[in-house]
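A short worksheet on the structure shown next.
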Amino acid sequence: MSDRLEGLRAAVELSPDNHSLRLVLAEALAAEDEGEEALEHYEVLLDAGALPTDELVRVGTLAMGLGRLQIAARCLEAARRAGAMGGTAGLEQELKAALVDEGVARRAIDPEEPPPMVAEPVEAETVTFEQVGGLEAVKKAIHKTIVLPFQRPDLYERYGRRAGGGVLLYGPPGCGKTLLARATAGECGVPFLNVRMEDVLDPMYGVSERRLHDAFADARLRAPCVLFIDELDAIAFARRKQPGSAGRALVDQLLQELDAIGSDNQGMLVLAATNAPWDVDDALKRPGRFDRVVFVSPPDTPSRRRILELALEDRPQTAIDIDDLARRTALFSGAD
């Protein structure tokens, strides 16, 4: 075996671009417990996009064993991009546990973009439903469909239900959709991750899809958490209304990420908001994706009164007739 390894090393040195030969050498080194050297060759193949799909999880596991978390994360991302499912959940759990031990959350970054795969830990959200004026019916619906299953998974499992899934909030601008999503995270005591349109969309081909995937990958590492997608209609505009094919790949990417809800996305609560639900692709609203659609209406008089109370709570004031203000602000949104 020693002679064979020396021969393979010499052959790879003579033909460094022969990926098949390098793969044989890497596998031979791994079989001889030469993990560090094997991983060097696997990384070269990974950089070149020449590491076979069925090898990605195994190499990621090898990297985990050697404490090379960045390579493991890259293998995990590459496996997901290639559609490989076998073993990815286990590798992700190992990676997540290792990152938690380090006190940081990391995510896989495209090798062409060199910034490190490190993000500061996100604290649990502190805003709760108490800070949301009005919208009592909406808060009850969210509590029943999201918060309670998250807090009492044992109860819901008896009925074949579990925490997770997607909720789409829709309604006029400024009526509290983002605040509701943030308060949902606060009610669950988990971090709130906000994905905005400008965080995803990019004119360069393929970049928007990668950014969207990275947002989900980051949220999976931080789970349990609430992932909130704002202005969903801009990210997932109905494919039947699109004149070309440019935006279809982004919708397909979002569908792929959402289809993992309840498995790879276990512990992730995914919410989205839109002012134009009719422009959101229909495939996103089927069961298993954003199957719970909740209308967030403009505030009625009691809700406006509560919003005014919250706005004035910590501010210097003289005698103010809040009831009169609430009556005079008909058709105002919370933002107004």
Side-chain angles (χ1 to χ4, degrees), residues 1-119 202 204-214 216-218 220-221 249 253 256 264:
M1 177 58 74
S2 177
D3 291 341
R4 180 169 181 259
L5 286 176
E6 289 303 319
L8 286 170
R9 288 189 183 105
V12 168
E13 188 174 349
L14 289 171
S15 303
D17 295 330
N18 188 328
H19 299 315
S20 298
L21 187 60
R22 188 180 293 275
L23 180 61
V24 172
L25 173 58
E27 290 174 343
L29 288 165
E32 289 297 301
D33 293 327
E34 299 286 345
E36 288 287 356
E37 186 180 351
L39 201 57
E40 291 177 9
H41 292 286
Y42 282 129
E43 189 173 12
V44 172
L45 295 169
L46 188 62
D47 290 340
L51 191 58
T53 300
D54 57 359
E55 293 283 317
L56 288 166
V57 172
R58 187 177 66 81
V59 173
T61 304
L62 173 64
M64 283 293 304
L66 296 171
R68 305 288 291 278
L69 303 187
Q70 185 170 353
I71 297 176
R74 289 182 57 199
C75 287
L76 177 61
E77 182 185 11
R80 291 193 183 284
R81 287 183 183 277
M85 297 303 294
T88 55
L91 176 58
E92 183 175 352
Q93 289 302 314
E94 288 183 33
L95 182 60
K96 178 180 174 182
L99 295 173
V100 169
D101 288 341
E102 285 193 358
V104 297
R106 299 173 184 245
R107 61 177 179 170
I109 298 288
D110 191 304
E112 294 182 0
E113 296 191 10
M117 301 191 304
V118 179
D202 189 282
M204 296 297 292
Y205 180 78
V207 174
S208 298
E209 293 82 4
R210 180 183 56 76
R211 286 181 175 177
L212 183 62
H213 170 76
D214 285 348
F216 272 83
D218 190 38
R220 290 184 186 109
L221 292 178
Q253 181 67 45
Q256 180 180 333
D264 291 338

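What you are looking at is a predicted structure, and each value in this text was computed from that prediction instead of being measured.
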In short, E43 meets R68 closest at the heavy-atom pair OE1-NH2, 3.8 Å
Which heavy atom in P16 sits nearest to a heavy atom in R22, and how many Å separate them?
O-NH2, 3.1 Å
Quick check on side chain to side chain contact (heavy atoms under 4.5 Å, CB included): which of L76, T61, L51 does L56 satisfy it with?
L51
Residues L5 and A28: closest non-hydrogen pair is CD2-CB, 3.7 Å
Identify the heavy atoms of G60 and A72 that sit nearest to each other, and give their distance.
O-CB, 3.6 Å
Could you state the interatomic distance from CG (L39) to CG (L45), rounded to the nearest 0.5 Å?
11.0 Å
In terms of side-chain geometry, is the basic nitrogen of R9 or E37 positioned less than 4.0 Å from the acidic oxygen of its partner?
yes
Evaluate the side chain to side chain contact (heavy atoms under 4.5 Å, CB included) criterion for residues I71 and C75: first the C-alpha distance (whole Å), next the side-chain angles of each, then the deciding distance (0.1 Å), finally the verdict.
CA-CA 6 Å; I71 297 176; C75 287; 4.2 Å; yes
Side chain to side chain contact (heavy atoms under 4.5 Å, CB included) partner of V12, chosen from L23, V44, L21
L21
Using side chain to side chain contact (heavy atoms under 4.5 Å, CB included), reason through R58 and E27 one step at a time and then give a plain yes or no.
CA-CA 11 Å; R58 187 177 66 81; E27 290 174 343; 3.9 Å; yes
In Å, rounded to the nearest 0.5 Å, how long is the span from NE2 of H213 to CG of D218?
10.5 Å
Is the shortest distance from a Lys or Arg side-chain nitrogen in D47 or R74 to a carboxylate oxygen in the other one below 4.0 Å?
yes
Which heavy-atom pair separates A26 from A38 by the least distance, and what is that distance?
O-CB, 3.5 Å
Find out whether L25 and E34 are in side-chain contact, i.e. whether some heavy atom of one side chain is under 4.5 Å from a heavy atom of the other.
no
Do the side chains of V207 and R210 get nearer than 4.5 Å, heavy atoms only?
yes
So E55 and L62, side chain to side chain contact (heavy atoms under 4.5 Å, CB included) or not? Walk me through it.
CA-CA 11 Å; E55 293 283 317; L62 173 64; over 6 Å; no
